[in-house]
Amino acid sequence: MAIEDDVCVIGGGLAGMTAALRAAREGARVRLLSHKKSTLRHASGLIDILGYADGELVAEPFDALASLPESHPYRRVGSDAVRAGLSLFDDVTGDAYRGSHTDANALVATHGGTVKPTARYPTRVAPGLASQSRRTLLVGFDSLTAFDAPLAADHLAAAGVPGTTRGVTVAFPGDFRADSRVTRFARALDDDEPVETASGPTPVRRALARAVEPHLGDVERVGFPAILGEEESQEVRKALESSLGVDVFEVPMGPPSLLGLGLEALFQEALDSAGVRRTTGNPVVDFDADGERVRSVSTDRNGRQVPFHADEFVLATGGLVGKGIDSNRERVVEPIFDCHVPHPDDRYEWFTDEAFGDHPFARFGVNVDDDLRPLDADGKVEYDNLRAVGGVLGGADFAAEKSGSGISLATGHAAGRAAGAAANQR
Amino acid sequence: MATETEVLVIGGGSTGCGIVRDLALRGVDATLVERGNLTHGTTGRMHGLLHSGGRYAVSDQESAAECIAENRILREVAGHTIEMTGGLFVQLADDADDYFEEKLAGCRACGIPAEVLTGEEARAMEPYLTRDVERAIRVPDGAIDPFRLCVANAADAEEHGARIETHAEVTDVLVEDSRVTGVEVRHESGPGKRSHYEPGTTERIEANHVVNATGAWAGQLGAMAGVEVEVRPSKGVMTVMNTRQVDTVVNRCRPKGDADIIVPHETACILGTTDVEVEDPDDYPEEQWEVDAMIDTLSELVPILKEARTLRSFWGVRPLYEPPDTGTTDPTDITRQFFLLDHAERDGLEGMTSIVGGKLTTYRLMAEQITNHVCEKLGVEATCHTADEPLPGSDDFSVLRDYMEEFGLRSPVGRRSTERLGSMADEVLKTDGPNPVICTCEAVTRAELDHAISDAGTDLNATRIRTRASMGNCQGGFCAHRMAALLHPAYDEATTRTALDELYEERWKGQRHALWGEQLSQAMLNHALHATTMNRDGDPAATEDEIEYARFDAGPTPEAAADGGRRDGGAREETDDEEGRRGD
């Protein structure tokens with residue numbers, strides 16, 4: 001029996017989940033297909049709208065949207081869609097995120113010791129905003145090599161953050177092996193596991209507070225790398241705040257990012273309660289089209305193709321990282337529908353010579369019309385019922401702009417609404 | 001200011017390091033200056049082949065015989081820098097039988113152990129070889145780590161009293177009355193360990209004898225002294241693959257040509273190479289066709305190379321030399337032998353000797369002959385011990401000990417650390433604190449990096465070549481910042497940041513030649529992690545502009561900030577302003 005849905009979303013990252021959720025809220029029957037773990041595990045968990053425009057730091061992202069080139073995804077969907085996408089985000093994440101009280105960007109300390117502009121930040125991160133002038137202690141762990149607290153503190157001072165910042169490295173209490181994953185520490189804190197200390201077995205939260213206590217001095221807040229619990233992060237943080245008597249916050253980290261994974265979990269809950277069917281684990285490898293419309297896409301399940309039929313399709317497979325955009329020595333491709341991806345013929349023109357240069361490859365992706373439908377090389381719509389969202393879109397260097405999650409939310413929202421509405425009309 | 005030394009060696013490649021060690025072992029007071037890192041020039045930019053001599057067994061039998069002799073010696077004295085992979089000269093269907101026979105006879109004439117394998121036997125050894133293999137000659141080729149080799153030579157030289165000065169560029173050769181009396185060097189600015197001198201200062205080093213061991217740069221150095229050294233730099237590309245598609249050195253068995261060798265190296269394979277004469281060893285084009293030729297031509301030999309992931313490409317320049325008036329037009333025809341140029345005899349300029357030509361496999365022999373020559377000039381009678389005195393790390397390293405338990409390291413981390421460190425493993429890996437892995441791709445732990453940093457200072461590229469950290473699949477994306485953090489607090493934040501930027505840029509440089517498929521995806525991920533998550537591209541600490549922090553969101557409850565936010569641990573009051581939310 002054929003699998004039939006109104007809307008089929010390909011890709012389980014932030015853009016795909018947003019599109020699926022928004023389409024479901026239109027009343028459509030929605031299926032979301034995802035292959036591997038999403039790239040949210042690589043993401044910081046911060047929601048950036050626009051942090052830099054023309055290389056300049058942006059305090060008010062909505063004021064800066066109009067300065068972007070017309071081909072930019074934000075210009076395609078308009079600032080209302082950006083606001084609507086954010087609003088959907090706020091609704092999904094509720095108390096887990098902050099930032100909705102203002103249009104201004106916040107500045108968050110990064111694990112490398114810089115600050116970066118962002119529009120929404122996890123509640124776990126909120127007490128640490130760099131724009132607050134407070135005496136701060138950063139705490140790192142000697143076995144967690146991605147965050148060097150004393151170095152980050154000196155770096156923040158060099159960045160001119162208001163207030164003072166000190167850093168200290170302590171041993172994470174207990175006998176964890178030197179190469180423990182961050183999830184191991186997080187789970188220990190979730191469960192408040194007893195650990196062996198000099199004064200006998202102690203619950204790990206209290207043991208951690210004791211390890212930090214001698215370094216407190218007169219600080220007003222203490223920042224840890226973002227490993228303070230996976231399921232019970234609020235409890236963990238509260239327990240530490242209570243023991244230490246100061247605010248406790250977390251510094252966003254690289255992969256595997258508990259904040260990114262936490263965000264994914266919130267969206268998945270929302271998808272489940274909106275009745276979105278999620279099918280995971282197999283890649284979409286093929287499609288069937290009837291003239292100008294896509295009829296179905298097929299996943300590959302152990303060599304067998306399984307077709308998924310729908311009225312409307314949303315392509316949310318990500319960019320170069322997620323392989324929604326792929327390449328070989330000759331050309332750059334969108335591997336499922338072979339949508340046109342503009343790029344220079346010579347692969348030596350895909351990059352610039354400086355590591356942080358204005359790389360053409362960072363902008364690789366499909367071109368779309370104002371309804372987010374991919375365009376072929378002649379500017380003609382590829383398929384009437386196919387829309388593209390998030391990282392698979394070209395025309396934005398989300399890394400340099402700090403705009404990745406904002407683009408995912410805005411385009412996911414716009415495409416989900418349009419696809420849901422179109423499916424309803426059929 | 002001036003300092004004095006008996007012998008000044010210019011050039012910190014394998015030859016220079018070999019010479020300064022030989023001099024030091026013979027009790028001669030010696031100083032080595034190098035304008036970059038050790039291995040900065042040709043040595044750090046080769047494919048790391050330890051020749052059996054098979055490659056020259058037809059065209060250049062004198063070189064071939066030297067190679068097999070040195071190959072045997074280096075296995076004894078530098079075992080921990082060598083992996084004896086063995087090598088194959090592979091004949092495909094359209095490669096000439098005559099040449100195959102000539103190669104075999106040549107190997108035997110030069111004393112190179114050579115065994116003929118059928119196509120089937122060759123494929124049993126290397127399953128990814130093409131089905132078109134006719135037959136192969138097996139020879140004792142190997143892989144050698146030129147970085148560790150150089151560093152071990154330099155370290156041993158220092159142990160024996162030599163002075164090694166990196167990031168010290170020779171700006172002038174001092175000549176008085178047709179005699180070289182020393183050099184002037186400039187100590188470079190930028191990160192690096194320069195405990196002797198401040199960046200930006202110059203120093204006169206007076207010497208009884210100067211050795212020009214600058215390889216492809218020997219002509220430029222000679223010119224400073226007013227003599228002509230007819231070195232002919234020739235560039236060659238090497239492309240790094242992300243895994244070992246072959247475990248043996250695989251050579252194409254035909255007369256000559258680009259892209260005819262694959263060298264397995266630790267976790268990677270290195271494809272080589274081209275041979276194109278260039279004007280300037282510091283400035284030559286790195287061309288796309290060269291990279292494509294490696295993949296296209298060598299995939300005739302090993303077809304999966306066509307689909308495999310390349311990590312980066314790099315170019316090196318050979319210091320080819322031919323005596324004046326030989327008039328060879330094709331650089332591939334120039335001999336790979338080395339030449340000792342006695343400038344007193346040749347040019348009437350006393351006090352300086354140049355060494356040109358040659359190759360890594362014979363570096364020790366070259367060093368021995370130069371040192372003999374210099375010692376004769378100085379009246380030093382000591383004999384050479386480098387053929388039987390093991391390099392640091394190599395002594396007593398006959399059996400790989402199981403260090404995993406001893407140092408609490410998991411396999412394969414422990415195995416790889418001890419392979420890299422040889423008999424130095426004890427000293428390096430013993431640490432009181434936890435010893436986490438910093439570079440996951442290459443399994444390099446903090447203790448090994450700390451040890452390298454104690455030697456290399458803030459120059460993370462020097463630490464990289466000592467340890468292989470940041471040289472794997474991610475090309476530093478996941479570990480460059482972790483490596484940099486190890487410099488702090490011994491070095492301040494700004495120095496640490498500069499060191500990170502330098503390493504990251506260096507890693508980027510080679511990846512540019514591998515930006516498609518998996519590696520382009522990796523490059524975008526690195527870009528995202530460093531630019532987005534860490535905001536290193538917009539780092540306010542690195543820019544002139546001051547941030548107006550007050551213009552930015554200070555959180556939903558700014559008044560909490562004003563009172564310092566001291567709390568009693570009670571329940572948090574939720575004051576989140578919901579007005580910002582708009583209806584959907």
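The basis for the numbers below is simple: all heavy atoms, side chains too, and nothing from hydrogens, waters or symmetry mates. In this text the structure is predicted, and so the values were computed from the model without any measurement. Here is how names work: the chains are called A, B, and so on, in the same order as the sequence lines, proteins then strands, and each is numbered from 1.
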Asker: Measure distances from Q288(B) to the heavy atoms of chain A and classify the residue's part below 4.5 Å as side chain, backbone, both or neither.
Answerer: both
Asker: Quick one: which of A104(A), S44(A), A59(A) has the most heavy-atom pairs under 4.5 Å with chain B, could you say?
Answerer: A59(A)
Asker: Is chain A contacted by the side chain of E506(B), its backbone, both, or neither, given a heavy-atom distance below 4.5 Å?
Answerer: neither
Asker: Nearest 0.5 Å, what's the CG-OG distance between N435(B) and S143(A)?
Answerer: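 These two atoms lie 11.0 Å from each other.
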Asker: Between E493(B) (side chain) and A158(A) (backbone), is there a donor-acceptor pair under 3.5 Å?
Answerer: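 Pair absent, no side-chain N/O of E493(B) close to backbone of A158(A).
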Asker: Which atoms of S243(A) are under 4.5 Å from chain B, going by heavy atoms: the side chain, the backbone, both sets, or neither?
Answerer: neither
Asker: Considering only heavy atoms, which portion of D142(A) lies under 4.5 Å from any heavy atom of chain B: side chain, backbone, both, or neither?
Answerer: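 Both parts, backbone and side chain.
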Asker: Contact part of V108(A) toward chain B, heavy-atom cut-off under 4.5 Å: side chain, backbone, both or neither?
Answerer: neither
Asker: Can you check whether A554(B)'s main-chain N or O pairs, donor with acceptor, with Q132(A)'s side chain at less than 3.5 Å?
Answerer: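 Answer holds: yes.
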Asker: Minimum heavy-atom separation for H527(B) to A400(A), with atom names?
Answerer: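 Heavy atoms only, the tightest pair is NE2-N, 4.5 Å.
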Asker: Looking only at atom types and distance, does a side-chain atom of Y52(A) sit under 3.5 Å from a main-chain N or O of G538(B), one as donor and one as acceptor?
Answerer: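 Looks like yes, one N/O pair under 3.5 Å.
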Asker: Under 4.5 Å heavy-atom distance to chain B, tell me which part of V58(A) shows up: side chain, backbone, both or neither.
Answerer: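 The backbone, not the side chain.
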Asker: Which atoms of Y121(A) are under 4.5 Å from chain B, going by heavy atoms: the side chain, the backbone, both sets, or neither?
Answerer: side chain
Asker: Sort out for me which of E548(B), E546(B), R536(B) touches chain A most, counting heavy-atom pairs under 4.5 Å.
Answerer: R536(B)
Asker: Could you check which of D397(A), D326(A), L144(A), V321(A) has the highest count of heavy-atom pairs closer than 4.5 Å to chain B?
Answerer: V321(A)
Asker: So does D175(A) have more than 12 non-hydrogen atoms from other groups sitting under 6.0 Å from CG?
Answerer: no
Asker: Calculate, to the nearest 0.5 Å, the distance between atoms CZ and CG belonging to F351(A) and L515(B) respectively.
Answerer: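 Reported to 0.5 Å precision, the distance equals 6.0 Å.
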Asker: Look up atom CG in D353(A) and atom CH2 in W508(B), then write down how far apart they are to the nearest 0.5 Å.
Answerer: 9.0 Å
Asker: Could you give the distance from CE (M524(B)) to NE2 (H359(A)), rounded to the nearest 0.5 Å?
Answerer: 9.0 Å
Asker: Give, as side chain, backbone, both or neither, the part of T533(B) having an atom under 4.5 angstrom from any heavy atom of chain A.
Answerer: both
Asker: Could you go through K402(A) and D537(B), starting from their C-alpha distance and side-chain angles, then the distance that decides it, and tell me whether this counts as salt bridge (Lys or Arg N to Asp or Glu O under 4.0 Å)?
Answerer: CA-CA 11 Å; K402(A) 327 299 169 199; D537(B) 62 332; 2.6 Å; yes
Asker: If we define contacts as heavy-atom pairs under 4.5 Å, which of L46(A), D154(A), T145(A), T118(A) has the most with chain B?
Answerer: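 Going by pairs under 4.5 Å, I would pick T145(A).
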Asker: Can you tell me how far CD of E505(B) sits from CD of E354(A), rounded to the nearest 0.5 angstrom?
Answerer: 7.0 Å
Asker: Pairing donors with acceptors under 3.5 angstrom, does anything connect the side chains of H101(A) and D553(B)?
Answerer: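 Indeed, the side chains of H101(A) and D553(B) share at least one donor-acceptor pair under 3.5 Å.
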Asker: Could you tell me which portion of D48(A) (side chain, backbone, both or neither) has an atom closer than 4.5 angstrom to a non-hydrogen atom of chain B?
Answerer: side chain
Asker: Can you tell which of L240(A), N105(A), L129(A) has the highest number of heavy-atom pairs within less than 4.5 Å of chain B?
Answerer: N105(A)
Asker: Taking N535(B) for its side chain and V115(A) for its backbone only, find out whether a donor-acceptor pair lies under 3.5 Å.
Answerer: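 Yes, because the side chain of N535(B) sits within donor-acceptor range (under 3.5 Å) of the backbone of V115(A).
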Asker: Quick one: does S521(B)'s side chain have a donor or acceptor within less than 3.5 Å of a partner on L320(A)'s backbone?
Answerer: yes
Asker: Taking all non-hydrogen atoms of both residues, which atom of V161(A) and which atom of Y549(B) are closest, and how far apart?
Answerer: CG1-OH, 3.3 Å
Asker: What part of L57(A) is in contact with chain B, defined as an atom under 4.5 angstrom from a non-hydrogen atom: side chain, backbone, both or neither?
Answerer: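 Side chain of L57(A) only, per the 4.5 Å heavy-atom cut-off to chain B.
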Asker: At a heavy-atom separation under 4.5 Å, does D292(B) approach chain A through its side chain, its backbone, both, or neither?
Answerer: both
Asker: Is chain B contacted by the side chain of E330(A), its backbone, both, or neither, given a heavy-atom distance below 4.5 Å?
Answerer: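 Neither part; nothing is under 4.5 Å.
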Asker: Please give me the minimum heavy-atom distance between H481(B) and A146(A), naming the atom from each residue.
Answerer: CD2-O, 4.3 Å
Asker: Tell me, side chain or backbone of L529(B) under 4.5 Å from chain A's heavy atoms, or both, or neither?
Answerer: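 The side chain, not the backbone.
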Asker: Backbone N or O of G517(B) within a donor-acceptor pair of the S327(A) side chain at under 3.5 Å?
Answerer: yes
Asker: Quick check on the interface: out of A484(B), P436(B), P540(B), P489(B), who has the most heavy-atom pairs with chain A under 4.5 Å?
Answerer: P436(B)
Asker: Just so I understand: if I count every heavy-atom pair under 4.5 Å between each of R497(B), R512(B), R446(B) and chain A, which residue has the most?
Answerer: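 Answer, by heavy-atom pair count under 4.5 Å with chain A: R512(B).
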Asker: Go through the atoms of Y348(A) and report whether side chain, backbone, both or neither lie under 4.5 Å from a heavy atom of chain B.
Answerer: both
Asker: When you measure from the side chain of K116(A) to the backbone N and O of M534(B), does any donor-acceptor pair fall under 3.5 Å?
Answerer: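 No, the answer is negative, given that no donor and acceptor are paired below the 3.5 Å cut-off.
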Asker: Within this structure, what is the CZ-CZ distance for the pair R482(B) and F147(A), rounded to the nearest 0.5 Å?
Answerer: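 CZ of F147(A) is found 12.5 Å from CZ of R482(B).
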Asker: Could you go through K323(A) and E518(B), starting from their C-alpha distance and side-chain angles, then the distance that decides it, and tell me whether this counts as salt bridge (Lys or Arg N to Asp or Glu O under 4.0 Å)?
Answerer: CA-CA 9 Å; K323(A) 303 282 170 54; E518(B) 288 284 347; 3.5 Å; yes
Asker: Can you name the nearest heavy-atom pair linking A485(B) to D148(A), along with the distance?
Answerer: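 That closest heavy-atom pairing would be O-OD2, 3.5 Å.
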Asker: Please evaluate residues W516(B) and R331(A) with respect to the criterion side-chain contact (heavy atoms from CB on, under 4.5 Å), reporting the C-alpha separation (whole Å), side-chain torsions for both, the decisive distance (0.1 Å), and the verdict.
Answerer: CA-CA 8 Å; W516(B) 66 86; R331(A) 65 191 207 106; over 6 Å; no
Asker: Do you know which of G319(A), S257(A), G322(A), A362(A) has the most heavy-atom pairs with chain B at a distance under 4.5 angstrom?
Answerer: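 Option with the top pair count is A362(A).
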Asker: Do you know which of N526(B), I438(B), I295(B) has the most heavy-atom pairs with chain A at a distance under 4.5 angstrom?
Answerer: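 Most heavy-atom pairs under 4.5 Å with chain A: I295(B).
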